[in-house]
Amino acid sequence: MYLELQKQLAGHLRSVLQSKYSIEIENVPVEIPPDLKFGELATPIALQLARTLRKAPKVIAQEIVEALGTLPGFAGFEVAGAGYINARLDRTAGVRAVVDGDGHSLDMQDHVLVEHTSINPNKAAHIGHLRNAILGDTFVRLLRAAGNQVDVQNYIDNTGVQVADVVVGFLHLEGKSLAEVRRLLEELKTSGERVDYYCWDLYARTSQWYEQGSAEENAERKKFRYATLHEIEQGGNETAEVADLISTAVLRRHLETMLRLDIEYDFLPRESEILHLKFWDVAFEQLKQTGVLYFETEGKNKGCWVMRRPGAEIAEGELDEDAKVIVRSNGTVTYVGKDIAYHLWKFGLLGRDFGYKKFFKYPDHECWISTEHGEAEHPHFGGATAIYNVIDSRQSDPQANVIQALRGMGHTAQADHYTHFSYEMVALTPRCAVDLGYTVSDEDLSRPYIEVSGRKGFGVKADDLIDKLIAATREEVEKRQTSREEAERQKIAEQVAIGALRYFMLKFTRNSVIAFDFKDALSFEGETGPYAQYAAVRIRNIFRKGGTTPKAELARLAEIDELESYLSGEENEDIWALWLRAGRRSLVLDQAIGASEPAYLAKHVFQLAQEFNNFYHKHHILTEEDPAKKTFLLATAAVALRELMMVLGWLGIETPEAM
RNA sequence: GCGCCCGUAGCUCAGCUGGAUAGAGCGACUGACUACGAAUCAGUAGGCCGGAGGUUCGAAUCCUUCCGGGCGCACCA
């Protein structure tokens with residue numbers, strides 16, 4: 001409702017300015033005033049025009065108001081303050097518009113590819129990965145809600161140094177053979193133990209092992225590490241087979257962990273196929289032909305194929321020592337090079353495709369994985385018109401390099417629709433680290449937060465946190481839902497726990513570091529997911545007890561002609577404010593997508609819940625004696641419930657039946 | 001040294017891409033359950049928006065500079 005009215009008013013203002021002053025303004029600013037006493041929409045345009053028109057802002061505002069005339073949905077316009085033009089809505093029409101829904105105002109229809117999660121498959125997922133996956137998954141839901149077709153990808157670096165390290169752990173530290181590794185995986189499976197947890201410890205041990213020995217020993221160990229990495233990259237040997245067994249088992253665990261949070265993927269492209277299907281060879285040719293890459297013959301990068309960094313200002317023919325190496329002097333390609341090839345594929349510019357096979361079954365769809373020789377029948381991935389990469393802010397330089405390469409190759413439209421959806425890390429507060437039993441140095445103790453590290457085995461594992469949250473919500477549910485069945489109580493506890501976790505990861509804007517603390521994450525009061533869930537549950541209780549349904553009450557509302565008396569007057573301002581908030585959904589969605597900021601919707605749903613709770617205490621619905629007013633109050637609750645459920649759904653949070 | 005991010009109430013964070021009196025949650029203190037269940041609500045206290053300049057009718061928001069913190073700048077991935 002709000003988004004349409006805002007667009008209508010802006011458009012109308014634009015034509016008025018054009019005809020009255022012959023001024024062209026692309027986007028006339030129309031904002032929501034800080035207080036309802038200033039109306040529902042306002043524009044400071046007269047203040048802006050004062051200088052060019054050489055008139056007092058108030059005079060201009062008055063002239064514009066006179067020229068505006070009437071507009072459907074609006075009750076009137078007035079001049080206020082130093083020269084603001086405030087718009088007042090036709091409240092009855094506003095309520096009707098909100099009841100009719102708010103979902104058709106965005107119609108984006110792009111083919112979008114979102115990559116998120118992308119955890120190295122060599123250890124358990126931790127809270128940092130949770131932030132990534134929850135941000136990514138939520139953004140996918142928002143893009144879909146706006147009408148886009150979205151493919152969700154989780155990139156799997158199954159041939160990297162991190163996998164190599166855990167393989168070194170199995171083969172060397174534990175001295176296991178391929179058969180023994182296979183047997184271990186079987187044993188863990190039957191005993192119900194988590195493989196990724198096993199690897200978490202082994203990976204940390206291996207990382208330490210590289211540094212524990214004498215200088216000579218360490219050099220040998222590192223050599224072994226790179227030999228292992230090389231064998232994995234090559235493929236077709238026992239080491240590679242061990243790597244594949246482990247990384248695949250860990251990957252399955254990651255998918256299970258994420259599924260607990262309702263996070264699903266469509267396709268898992270793996271680095272092994274990018275290597276074996278020679279994506280790089282094709283990209284290399286294109287990069288050479290377009291002159292993005294050039295062969296360096298002098299300086300420290302002599303013998304390498306390099307590219308200029310974004311923003312580099314080097315005169316033609318001069319040595320650029322700062323250039324980014326893409327192909328090393330030994331002929332091997334760097335990570336950025338492989339990433340360029342992969343991103344050409346994402347936009348359908350590579351001219352080569354993965355093989356596809358089914359990998360993981362979700363209740364309502366299949367998740368595919370890359371392979372060399374895949375199934376004949378498979379969906380089409382890649383070839384997107386816009387992409388979002390959910391990757392933490394530390395990788396902004398390499399991401400910028402990839403974008404630069406695309407632009408340099410002449411793919412400017414693609415480069416413009418390449419978004420590095422960056423976010424800050426999740427760290428632990430020193431107190432939290434101490435509570436978890438880690439030894440913390442004095443230096444770290446004085447810091448505001450300590451970075452999580454998989455290599456050091458330092459952090460909170462995702463499944464541990466989820467388990468802990470469910471245990472905590474279980475306790476609360478036991479206190480309140482004594483008459484419900486065990487399975488029902490468990491379900492409620494899970495829904496509330498997941499709601500708390502997802503909301504916690506979404507309430508912060510992306511570039512704010514989250515200093516993780518169990519006290520905050522396990523909180524179910526105040527600005528939390530459960531707060532919003534509780535408001536929705538309250539509304540369900542009202543309808544249950546009142547023996548009616550939202551649908552019936554909204555139908556009944558349509559038959560009442562006169563709503564103005566319920567919407568005007570001092571004592572009804574808060575009800576009107578609640579309706580207005582409900583009508584803001586697509587406006588906020590539009591802003592959230594534009595800014596790549598899911599936190600806007602988290603804030604919105606909280607404010608909606610807050611305004612409803614306020615309304616709930618002030619107006620007792622079921623004892624209302626005037627039947628028309630009772631219908632209006634019930635309709636208000638119905639719309640609040642609909643909005644809460646829909647927006648919570650976008651955040652990946654379910655609304656429990658009771659709590 | 002270069003680049004990016006951050007500094008707003010005791011704590012944790014919002015502040016809609018320059019607008020009207022700077023907001024919320026937590027914590028503290030007061031109060032509200034024989035009502036649609038209090039995982040709730042009402043109220044009080046608490047801020048020179050890191051400092052200093054500038055642009056503007058108008059700055060927490062834009063520019064410059066300084067201070068303080070974080071993260072990047074490999075022929076690692």
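Only a predicted model underlies this, so the values are computations on that prediction, with no experimental measurement involved. Note on naming: letters A, B, ... go to the chains in the order of the sequence lines (proteins, then strands), and numbering restarts at 1 for each one.
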- NE2 of A:His617: more than 12 outside heavy atoms within 6.0 angstrom? yes
- Are OP1 or OP2 of B:G70 and a side-chain N or O of A:Arg447 less than 4.0 angstrom apart? yes
- Just how far, in rounded Å, is P of B:G70 from OH of A:Tyr423? 20 Å
- Message: Suppose you measure atom P in B:A9 against the same atom in B:C49; what distance do you get, rounded to whole Å?
- Response: 10 Å
- Query: Separation of A:Asn511 atom CG from B:U8 atom P, in whole Å?
  - Reply: 14 Å
- Task: Pick the P atom in B:G43 and in B:C6, then give their distance to the nearest Å.
- Result: 33 Å
- Task: Describe the nucleic acid contact of A:Phe508 in one word from base, sugar-phosphate, nothing, applying a heavy-atom distance below 4.0 Å.
- Result: sugar-phosphate
- For A:Gly303 and A:Glu476, take the nucleotide of RNA chain B holding the closest heavy atom to each; which residue's nucleotide lies nearer the 5' end? A:Glu476
- Message: Once you apply a heavy-atom cut-off of 4.0 Å, does A:Asp520 come out as touching a base, just sugar-phosphate, or nothing?
- Response: nothing
- Would you please say whether a donor-acceptor pair under 3.5 Å links the side chains of A:Tyr534 and A:Asn613? no
- Message: Counting the atoms with a prime plus P, OP1 and OP2 as sugar-phosphate, which does A:Gln48 contact under 4.0 Å by heavy atoms, base, sugar-phosphate, or nothing?
- Response: base
- B:A24 pyrimidine/purine six-ring stacking with A:Phe606, under 5.5 Å and 30°: no
- Task: Look at the side-chain N and O atoms of A:Gln610 and state whether any lies under 4.0 Å from the OP1 or OP2 oxygen of B:U40.
- Result: no
- Would you mind classifying the nucleic acid contact of A:Ala42 as base, sugar-phosphate or nothing, using non-hydrogen atoms under 4.0 angstrom? base
- Item | Rounded distance in Å between the C1' positions of B:U21 and B:G27 | 26 Å
- Message: For the P atoms, the ones on B:A45 and on B:U30, what distance do you get once it is rounded to whole angstrom?
- Response: 15 Å
- Message: What residues from residues 613-621 of chain A pass a heavy-atom cutoff of under 4.0 Å to RNA chain B?
- Response: A:Asn613, A:Asn614, A:Tyr616, A:His617, A:His619, A:His620, A:Ile621
- Message: Is the phosphate of B:G25 approached by A:Tyr503 (side-chain N or O, under 4.0 Å from OP1 or OP2)?
- Response: no
- Query: Regarding A:Thr159 and A:Glu233, is there a side-chain donor-to-acceptor distance under 3.5 Å anywhere?
  - Reply: no
- Task: For A:Gln162, report the nucleic acid contact type (base, sugar-phosphate, nothing); a contact means any heavy atom under 4.0 Å.
- Result: nothing
- Item | Polar side-chain contact A:Gln399-B:G72 base: donor and acceptor under 3.5 Å | no
- Message: Pairing donors with acceptors under 3.5 angstrom, does anything connect the side chains of A:Asn541 and A:Arg544?
- Response: yes
- Would you classify A:Glu597 as touching base, sugar-phosphate or nothing, given that sugar-phosphate means primed atoms plus P, OP1 and OP2, and contacts are heavy atoms under 4.0 Å? nothing
- Separation of B:C41 atom C1' from A:Phe612 atom CZ, nearest Å, is 13 Å
- Is A:Lys468 positioned over the aromatic face of A:Phe518, cation under 6.0 angstrom from the ring centre and no more than 45 degrees off axis? yes
- Distance below 4.0 Å between A:Arg538 side-chain N/O and B:A39 OP1 or OP2: no
- Message: Using a heavy-atom cut-off of 4.0 Å across all strands, would you classify A:Val513 as base, sugar-phosphate, or nothing?
- Response: sugar-phosphate
- In whole angstrom, give me the gap between the C1' atoms of B:G10 and B:U44. 16 Å
- To the side chain of A:Ser512, which of B:G25, B:C13, B:C16 is closest? B:C13
- Message: By nearest atom, which of the nucleotides B:G37, B:C57, B:C75 is closest to the A:Thr334 side chain?
- Response: B:C75
- Message: Any side-chain N or O of A:Tyr335 below 4.0 angstrom from OP1/OP2 of B:A77?
- Response: no
- Note on the structure: Closest to the side chain of A:Glu451, out of B:C75, B:C71, B:C26, is B:C71
- Query: Closer to the 5' end of RNA chain B via nearest nucleotide, is it A:Pro448 or A:Arg309?
  - Reply: A:Pro448
- Query: Base, sugar-phosphate, or nothing: which does A:Lys37 touch, judged by heavy atoms less than 4.0 Å apart?
  - Reply: base
- Is the number of heavy atoms from other residues, nucleotides or ligands under 6.0 Å of A:Arg51 CZ greater than 12? no
- Message: Output the pairing pattern of RNA chain B as a dot-bracket string, 5' first, Watson-Crick or G-U wobble with both distances under 3.5 Å, | for cross-strand pairs, [ ] for crossing pairs.
- Response: (((((.(..((((.....[...)))).(((((.......))))).....(((((..]....)))))).)))))....
- Query: Is the NZ or CZ atom of A:Arg225 both under 6.0 Å from the centre of the six-membered ring of A:Tyr210 and within 45° of that ring's axis?
  - Reply: yes
- Ring centre gap for A:Phe612 and A:Phe615 strictly below 6.0 Å: yes
- Checking only heavy atoms, does the side chain of A:Ser329 share a donor-acceptor pair with the base of B:C75 at less than 3.5 Å? yes
- Query: Can you name the closest pair of heavy atoms from A:Glu296 and A:Asp320 and give their distance?
  - Reply: OE1-O, 4.2 Å
- Task: Can you tell me, in whole Å, how much space there is between the P of B:C2 and that of B:U17?
- Result: 32 Å
- Query: Which heavy atom of A:Ala427 sits nearest a heavy atom of A:Val452, and at what distance?
  - Reply: CA-CG2, 4.3 Å
- Quick one: do the A:Asp165 and A:Thr206 side chains pair a donor with an acceptor below 3.5 Å? no
- Aromatic ring centroids of A:Tyr342 and A:Tyr155 under 6.0 Å? yes
- Task: Answer with base, sugar-phosphate or nothing: what part of the nucleic acid does A:Phe38 contact at a heavy-atom distance below 4.0 Å?
- Result: base
- A:Val496 side chain: which of B:A77, B:C57, B:A39 is closest? B:A39
- Query: What nucleic acid atoms does A:Lys302 come within less than 4.0 Å of, heavy atoms only: base, sugar-phosphate, or nothing?
  - Reply: base
- Short side-chain N/O contact from A:Lys545 to OP1 or OP2 of B:G37, under 4.0 Å: yes
- Taking only side-chain nitrogens and oxygens of A:Asn541, does any of them come within less than 4.0 Å of OP1 or OP2 of B:G37? yes
- Query: Rounding to the closest angstrom, what is the interatomic distance between B:C11 and B:G72 at atom C1'?
  - Reply: 29 Å
- Query: In whole angstrom, what separates A:Tyr600's OH from B:C16's C1'?
  - Reply: 6 Å
- Query: Do the side chain of A:Asn86 and the base of B:A20 come within less than 3.5 angstrom through a donor-acceptor pair of N or O atoms?
  - Reply: yes
- Task: Please state the C1' separation for the pair B:A22 and B:A59 - nearest whole angstrom.
- Result: 12 Å
- Task: Using only heavy-atom distances, determine whether the side chains of A:Glu494 and A:Gln490 contain a donor-acceptor pair under 3.5 Å.
- Result: yes
- Task: Using atom CG of A:Asp320 as one end and atom C1' of B:C73 as the other, report the distance to the nearest whole Å.
- Result: 14 Å
- Message: Applying a 4.0 Å non-hydrogen cut-off, can you work out what A:Val163 is touching in the nucleic acid: base, sugar-phosphate, or nothing?
- Response: nothing
